[in-house]
Amino acid sequence: MIRVGVFGAGGRMGATVCAAVMTASDLELVAAVDPARAGERLTDVLGGSTVAVASGGRAAGDLAIAADAEALGRAGVDVAVDFTVAAAARENLRWCSLHSVHAVAGTTGFTDGDLEHFAEWFGPSSTANAVVAANFSLGAALMMRCAELCAPYFDGVEIIELHHEHKRDAPSGTSLATARRIEAARSAAGRGPLAADPTEQEVLEGARGGATIGGVHVHSVRLPGLVAHQEVLFGSAGETLTMRHDSTDRVSFMPGVLLAVRGVAEHAGLTVGLDSLLRA
Ligand code: NAD
């Protein structure tokens, strides 16, 4: 039985993770942390729907939500899952690395510098490992792999990411991860940089979206009614190829999260993205 703690248990993703862990027979939810909901019963946060599931001999839904990471230490957590905000996740991951707790982080908004720090924290000097993925949906992971495959064969590529109106960071971590992989695949195939943006006059500032260092333009849409969606558009003379992925419910992320929870102990150091877990 893997003992699991969840950072951000009172949030949209964290609550969904709590419910998913509680329904997995090989996982035990032993701690839930969220300063905004500290002192509340997990039962109330989950709406009472899944709390009858017994976990380690007691209803995990009876857990009181704790204010800070020390609750994970007291509960003897093996793996901590983090769906919070980038500033909090940095601290939570540091805590995990220092307390020999494996970490699975789905929080977005990390910079390349953050990933370098995480690689150091979860390096040979730590007994804990970490999996950090901007998108835990298996469909999104496969979309990124397909984008990588197509990248060397087209002259231009742009990404449109579409999310619900409560998303705090833009562009999405998935779009940035996709752009990085497209650029790496082009470079590995000996393709030069993308052509410079031909726009001479941006009549409305931001109309061309943001451009990554490698020149992939990323456009962010925020609308009520959306969950998490992304299109990758490739173009060359006379043809375009569009791939689209839609997560229509947060449960779509749970198979990937549980895969990482079960696999993180076997993947030494820092693993970025779901790919190597899918290939394993
Ligand atoms: P949310 O705002 O609903 O939940 C975040 C929760 O974190 C809040 O309840 C907040 O109180 C809590 N929190 C803040 N600081 C904390 C701390 N120090 N310790 C513990 N909890 C803390 O947000 P959400 O929609 O659940 O998304 C959370 C993150 O997950 C975002 O970065 C989002 O972009 C990302 N996300 C990732 C994936 C993926 O597949 N990787 C999928 C969806 C969302």
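Numbering of residues begins at 1 and proceeds along the displayed sequence. Order of appearance sets the numbers: ligands from 1, and atoms from 1 within every ligand. Heavy atoms only: backbone and side chains are in, while hydrogens, waters and symmetry mates are out. Since we're looking at a predicted model, the values are computed, not measured.
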Salt bridge R222-E165, side-chain N to carboxylate O under 4.0 Å: no
Mind checking who shares a hydrophobic cluster with V227, ILVMFWY linked at side-chain heavy-atom distances under 4.5 Å? none
Say whether R181 and T178, considering side chains only, have a donor N or O and an acceptor N or O under 3.5 Å apart. no
Close-range residues for ligand 1, whose non-hydrogen atoms fall below the 4.0 Å threshold: G8, G10, G11, R12, M13, V33, D34, P35, A36, F83, T84, A88, N92, G106, T107, T108, A133, A134, N135, F136, K167, R168, D169, F253
Apply ring pair (Phe, Tyr, Trp, His ring centres under 6.0 Å) to F253 and F83, showing your working. CA-CA 12 Å; F253 303 113; F83 280 94; 7.7 Å; no
Just checking, any donor-acceptor pair under 3.5 angstrom between side chains of T199 and D197? yes
Consider side chain to side chain contact (heavy atoms under 4.5 Å, CB included). Of T84, I65, V45, which one does D34 pass it with? I65
